[in-house]
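These notes concern the structure reproduced below.
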Protein chains: 2
Amino acid sequence: MADHLVRFDTAPAPVSVPTGTLLSDAAHRAGVDIQQPCGGQGRCGRCAVRITDGTVRRRSTLRLSNEDVEAGYALACQSVIEADVSITVPPQEKIERRLTTDRTAAEVQVPDSYDPAQVQTVRRVRLTVPPPSMDDQTDDWSRLQIALRKQVRLTEVGISVMQLRRLGHILRKGEWDITVILDSQAWDCPDCPVRLIEFKPGLMEDRDPLWGVAIDIGTTTVSLWLVDLISGEVRAQVAEYNGQIARGEDVISRIIYSSKGSGAEELRDLVLSTINGLLQSACKQVKIDPHDVFKATIAGNSTMIHLLLGIPAQTIRLSPFITAVNHIPTLTGRDVGLDTHPDATVDCLPGVASYVGADITAGVLSSGLDDTEKVTIFIDVGTNGEIVLGNKEWLVTVAASAGPAFEGGGVADGMRATRGAIEEIWVNGDTYDPSYRVVGSVKPRGICGSGLIALLAELFLAGVIDKGGNFNTNLDTPRVRIGEHGPEYVIAWASESGHGRDIRLSHVDVDNLLRTKAAIYAGFTILADSVGIPFEAVEQVLVGGSFGKYINVEKAIQLGLLPDLPWENFYFLGNTAIRGAYQALLDRHARERIKDIANRMTYIELSADNTFYEAFTSALFLPHTDLARFPTVQAALGAPIPQ
Amino acid sequence: MADHLVRFDTAPAPVSVPTGTLLSDAAHRAGVDIQQPCGGQGRCGRCAVRITDGTVRRRSTLRLSNEDVEAGYALACQSVIEADVSITVPPQEKIERRLTTDRTAAEVQVPDSYDPAQVQTVRRVRLTVPPPSMDDQTDDWSRLQIALRKQVRLTEVGISVMQLRRLGHILRKGEWDITVILDSQAWDCPDCPVRLIEFKPGLMEDRDPLWGVAIDIGTTTVSLWLVDLISGEVRAQVAEYNGQIARGEDVISRIIYSSKGSGAEELRDLVLSTINGLLQSACKQVKIDPHDVFKATIAGNSTMIHLLLGIPAQTIRLSPFITAVNHIPTLTGRDVGLDTHPDATVDCLPGVASYVGADITAGVLSSGLDDTEKVTIFIDVGTNGEIVLGNKEWLVTVAASAGPAFEGGGVADGMRATRGAIEEIWVNGDTYDPSYRVVGSVKPRGICGSGLIALLAELFLAGVIDKGGNFNTNLDTPRVRIGEHGPEYVIAWASESGHGRDIRLSHVDVDNLLRTKAAIYAGFTILADSVGIPFEAVEQVLVGGSFGKYINVEKAIQLGLLPDLPWENFYFLGNTAIRGAYQALLDRHARERIKDIANRMTYIELSADNTFYEAFTSALFLPHTDLARFPTVQAALGAPIPQ
């Protein structure tokens with residue numbers, strides 16, 4: 001077997017290793033310290049290094065993005081030496097930062113073919129208006145309309161009284177040269193109405209930015225992208241907790257809060273102040289005035305959209321679970337209360353049902369599900385597990401009212417994925433001791449969704465809990481004990497935690513998590529049954545939601561949360577809702593597609609009959625009553641747990 | 001000569017008088033006291049009596065309406081006994097009330113052919129919406145839209161976010177039976193957009209009233225009619241001084257006030273509070289909530305409309321005299337700040353130019369000028385004398401910036417036509433003593449427009465002033481004297497006046513009045529010249545404006561204010577602007593006609609060349625430099641003044 005020279009930038013000399021040696025082993029030999037908190041299972045991403053010369057064979061690139069791989073990154077524990085290579089070991093802080101960066105920020109590619117004049121609803125036109133005289137006393141507004149007709153062939157232009165108030169001043173300030181911002185849903189229809197948003201004195205350059213925002217109102221997090229509609233570029237990405245959180249963590253508690261006293265107004269004010277704060281902060285980054293934002297597209301679940309608009313949401317919660325409105329008419333900044341331009345177009349994207357909202361239709365768009373030949377599952381993992389099954393021909397959807405367990409709710413030591421949250425965890429099958437990764441690399445204060453999924457799977461595989469979720473209290477470890485609420489597992493001792501108390505997972509917590517994963521898995525089952533196809537026919541699984549991005553698929557399958565399909569068929573797309581809102585902001589054809597998606601999607605109400613209850617109870621086991629549905633888990637259980 | 005028996009209800013016995021005896025003489029013989037402040041010239045209307053049996057020959061019925069004559073009224077000084085008659089003498093107070101009644105209230109006939117379903121823009125439909133169920137989870141708004149499509153064939157219905165907020169509650173309160181109020185500019189076009197204004201729980205009866213208001217915003221007076229759109233009936237008529245008066249009496253001073261500091265907002269608030277006060281008071285009369293008013297049409301001059309909407313009006317005042325907007329887009333009560341239903345349609349009628357506004361287009365409509373074969377002059381006498389000449393084929397218009405002299409401005413003892421204003425006056429040609437009629441029959445405090453017209457004509461005919469407006473100071477009367485500002489005539493001595501000071505007309509006042517009347521007459525001249533027709537070709541003169549209603553035509557001709565045409569060709573129409581607004585409120589075809597009028601009318605700018613200046617200086621005489629234009633005045637000056 002041939003030997004190869006491996007050079008590490010942090011080692012004094014290269015080492016020679018045989019073909020097939022793991023890169024992490026070569027590092028060890030060279031005296032280079034590479035952390036492997038997951039025990040070399042390729043799952044934590046901490047051992048990422050960069051190949052600067054030569055190549056290695058990557059067995060797995062989990063935790064690495066395509067861009068990472070292109071940039072030469074490889075996981076030391078998953079890469080095999082097959083040639084001479086030079087390797088840079090990034091400082092640990094740098095990896096840390098990459099792993100815990102703003103969970104909503106994303107690289108966005110503007111399509112090469114993007115042509116604002118072809119696809120935008122908002123357009124800017126430069127006009128030279130003939131000035132009035134004693135021989136031509138036509139009023140200002142008719143004068144502008146005539147110029148629009150003659151110079152850009154627009155016949156029906158609407159204007160608000162607020163803009164009429166500014167008109168005379170702007171025309172004279174620009175000495176009859178003005179730039180007009182217009183919005184039309186159908187520029188290709190010359191007789192369709194066009195709405196005047198704004199005019200500015202003087203002739204702006206065609207390349208000057210024209211601003212819009214894409215907004216996703218999540219129950220937990222609100223994200224906003226500030227976009228230059230001329231270039232299509234995302235110029236700022238900001239995100240913040242939804243200010244409504246203090247009034248309830250999930251949609252149901254928000255709806256209940258909104259139906260009491262001035263609750264609805266209060267929730268409306270809270271989310272508006274979150275959005276307007278984000279708008280302010282994004283505009284500050286780019287040094288513009290929020291009033292120069294002329295269009296907003298908004299995604300969000302149906303409850304979030306209702307609460308934003310002050311539309312009562314009670315009927316969403318009560319049988320037969322009806323929204324007041326799925327397709328919201330086009331509104332203005334003034335109507336909604338946004339600090340954009342008051343006449344900015346505000347386009348709340350359409351939803352399908354009480355629990356399948358605009359976040360899902362936008363997500364389906366940006367995931368491409370509605371445009372693929374492949375039978376595809378799309379799931380947005382959040383408080384509700386909304387699932388869509390289909391392809392370009394057909395779409396069916398369900399919402400599994402999963403509850404907030406995976407967002408840290410209903411679990412005693414659960415928390416959101418913020419600083420101090422355990423986000424990934426491994427349990428040693430011999431000692432039952434855990435090793436974990438904490439957001440921000442500080443002492444842990446609790447455990448977030450991805451951590452809970454990992455923990456539940458690890459405890460199951462290590463035999464700490466059985467398939468029914470019951471604790472094995474006979475194990476030789478102090479970590480399994482009888483606590484206040486029955487049996488529990490200690491994840492971190494008080495001395496190791498950030499708040500000086502034990503961090504535990506109790507029997508009650510496990511039950512809640514089981515119910516949640518069972519609800520989601522039942523959703524998959526119902527969907528597949530509804531169209532009569534087996535899971536094996538599913539060609540890809542697209543996982544949306546910024547939370548979904550951090551799920552460990554292997555663990556999620558071991559748990560029985562995700563169906564047992566090959567890993568390479570899973571794609572993690574991040575916040576698909578805001579990507580869809582961004583596409584709809586830029587391109588009116590994309591907006592039309594979202595409308596089609598909303599209209600085409602068949603919504604299956606899970607509480608309509610007892611099919612759901614059967615599927616749910618069958619899924620209340622780890623991974624499932626019917627182990628045949630999970631062949632890889634069956635194999636893992638039969639084989640020794642990998643070290 | 002035959003004798004006839006004349007019975008007065010207030011006399012103990014009948015009197016016998018020969019054929020041809022004046023009724024007033026018969027009364028004198030019977031010992032019945034009938035007041036004749038105008039000296040029996042048939043001009044003051046105070047001697048009106050009612051013929052209860054038999055007939056008299058009426059030589060003149062000036063000051064009597066057609067209804068009065070039909071009810072048997074006759075002027076004692078103008079009626080000749082030619083048969084036996086019985087006569088009732090009304091108490092003086094009753095006549096007083098009739099003469100000084102609310103100047104805007106008017107009898108309005110609903111056309112027999114009125115069919116709201118054919119002509120209204122606002123419509124009410126009753127819908128039974130299928131309730132949702134677990135098998136049909138369609139959202140409320142789609143559900144309503146489907147019902148509208150199936151039950152009334154409407155495809156494009158728009159709704160405000162405010163109504164979306166109420167939708168769910170109203171549907172459930174009405175147990176899925178609701179009544180919807182809709183507005184469409186074109187009900188005959190099934191694909192044209194329809195706007196939802198309101199829904200009410202339950203099925204309202206087809207005959208239940210549906211409310212609208214017609215509004216005329218005059219510079220001085222705001223009038224409002226509350227109308228049941230189903231029957232077409234005017235159910236309340238109210239009027240009030242425009243709250244802006246305290247900030248300037250005419251449009252120019254209002255515009256100047258509006259351009260300083262927060263002047264525009266202040267003026268807007270003032271007129272809104274006038275309108276909303278009127279709305280409140282009209283609704284109170286009919287015992288409805290102003291929120292149940294679903295449509296408003298608004299007439300008013302261009303400045304009033306700009307100030308109402310908060311649109312800067314400065315360019316109206318400065319050359320080249322441009323409005324910001326003549327055709328205002330359809331607005332809502334919320335947009336404008338009216339206390340109607342917030343989604344009520346507010347239709348500001350279109351104007352033509354800075355000084356020919358929606359009051360004139362509405363006036364042309366209601367006067368029927370745009371629909372007659374006859375060559376017609378329409379004049380709205382107010383602060384500005386807007387004049388329209390034309391017929392169904394053509395329309396030309398000018399605005400003579402008359403100034404407020406005839407509204408009491410620019411005249412030292414001038415005042416508006418309120419309690420204490422001298423509104424009609426006669427000057428004795430021998431003694432130069434006046435007799436007059438005062439609004440409210442109290443001691444006089446000043447003199448209003450109709451009084452000024454009469455006074456100027458009387459002073460001219462009595463020889464107190466000459467054709468140039470100069471006082472003859474050699475007359476044997478203490479009433480003509482040299483005052484502070486040169487020669488003046490004393491109308492009422494301090495002891496006779498309501499405020500204990502002399503009431504006078506000075507040389508300066510006469511100059512201002514001459515300039516005003518000259519501006520208006522020059523308007524007539526320019527109009528007739530512009531189309532090349534002589535005044536004799538004018539077949540009728542329609543005088544609008546509630547002020548115009550009280551002008552004494554004979555005096556106005558003697559002054560040279562109105563052209564010298566036969567009296568019977570003059571028609572006094574009262575407030576034509578609000579009548580036009582009322583017609584446009586009821587009938588969308590009438591509304592289309594106003595738009596056509598605005599588009600068809602050729603506006604002639606008087607300051608564009610020096611034609612106006614020549615016409616104006618020629619008219620600065622009493623009645624005119626060219627006496628041939630006023631044959632009847634020439635005759636009156638040649639003949640002794642009638643006693």
Side-chain angles (χ1 to χ4, degrees), chain A residues 131-145 157-162 164-169 171-172 193 264 302 306 309-316 319-332 335-337 346 348 350-354 603 605 607-609, chain B residues 131-145 157-162 164-169 171-172 193 264 302 306 309-316 319-332 335-337 346 348 350-354 603 605 607-609:
Chain A
S133 67
M134 290 300 275
D135 295 326
D136 176 6
Q137 295 178 310
T138 309
D139 60 291
D140 290 342
W141 173 227
S142 300
R143 199 168 285 281
L144 179 56
Q145 285 176 294
V157 180
I159 188 171
S160 73
V161 70
M162 194 206 157
L164 280 176
R165 288 178 192 147
R166 299 174 62 241
L167 176 59
H169 174 68
L171 280 171
R172 286 163 184 82
S302 301
H306 278 61
L309 300 179
I311 299 173
Q314 285 90 307
T315 53
I316 288 180
S319 172
F321 314 111
I322 305 297
T323 51
V325 52
N326 289 335
H327 294 259
I328 315 271
T330 302
L331 301 172
T332 63
D335 291 335
V336 178
V346 177
C348 292
V352 175
S354 278
Y603 174 69
E605 171 63 49
S607 31
D609 56 29
Chain B
S133 66
M134 290 302 274
D135 295 328
D136 175 7
Q137 295 177 309
T138 309
D139 60 291
D140 290 341
W141 173 226
S142 300
R143 198 168 284 282
L144 179 55
Q145 285 175 293
V157 181
I159 187 171
S160 73
V161 70
M162 194 209 157
L164 281 174
R165 287 177 191 146
R166 300 173 61 239
L167 176 60
H169 173 67
L171 281 171
R172 286 162 184 82
S302 300
H306 278 59
L309 300 178
I311 300 173
Q314 287 91 305
T315 53
I316 289 180
S319 173
F321 314 113
I322 305 295
T323 52
V325 53
N326 289 334
H327 293 259
I328 316 272
T330 301
L331 302 171
T332 62
D335 291 333
V336 178
V346 177
C348 293
V352 174
S354 278
Y603 173 69
E605 172 62 49
S607 32
D609 55 31

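The figures here come from the full heavy-atom set of this structure, side chains too, leaving out hydrogens, waters and symmetry mates. All chains are named by letter (A, B, ...) in the order of the sequence lines, taking the proteins before the strands, and each is independently numbered beginning at 1.
Interface check for chain A: of the options B:H306, B:H327, B:R172, B:Q314, the most heavy-atom pairs under 4.5 Å are formed by B:R172. Options B:D335, B:T315, B:L167 differ in how many heavy-atom pairs under 4.5 Å they form with chain A, and the most are formed by B:T315. Most heavy-atom pairs under 4.5 Å with chain B: of the set A:V161, A:V336, A:V325, A:L309, this distinction falls to A:V325.
Residues B:S302 and B:S354 fail the side-chain proximity criterion, which asks for heavy atoms closer than 4.5 Å.
Using a 4.5 Å cut-off between heavy atoms, B:A324 touches chain A through backbone and side chain atoms alike. Looking at B:L164, both its backbone and its side chain come within 4.5 Å of chain A, counting heavy atoms on both sides. For A:I159, the parts lying under 4.5 angstrom from a heavy atom of chain B are both the backbone and the side chain.
Panel note: side chain A:N326, backbone A:P350; no donor-acceptor pair is recorded below 3.5 Å. Judged by distance alone, with hydrogens and angles left aside, the side-chain atoms of A:R165 form no donor-acceptor pair with the main-chain N or O of A:S160 at under 3.5 Å. Using a distance-only test at 3.5 Å, with no hydrogens or angles considered, no donor-acceptor pair links the side chain of B:Q137 to the main chain of A:A353.
Of the N and O atoms on the side chains of B:S133 and B:D136, not one donor lies less than 3.5 Å from an acceptor on the other residue.
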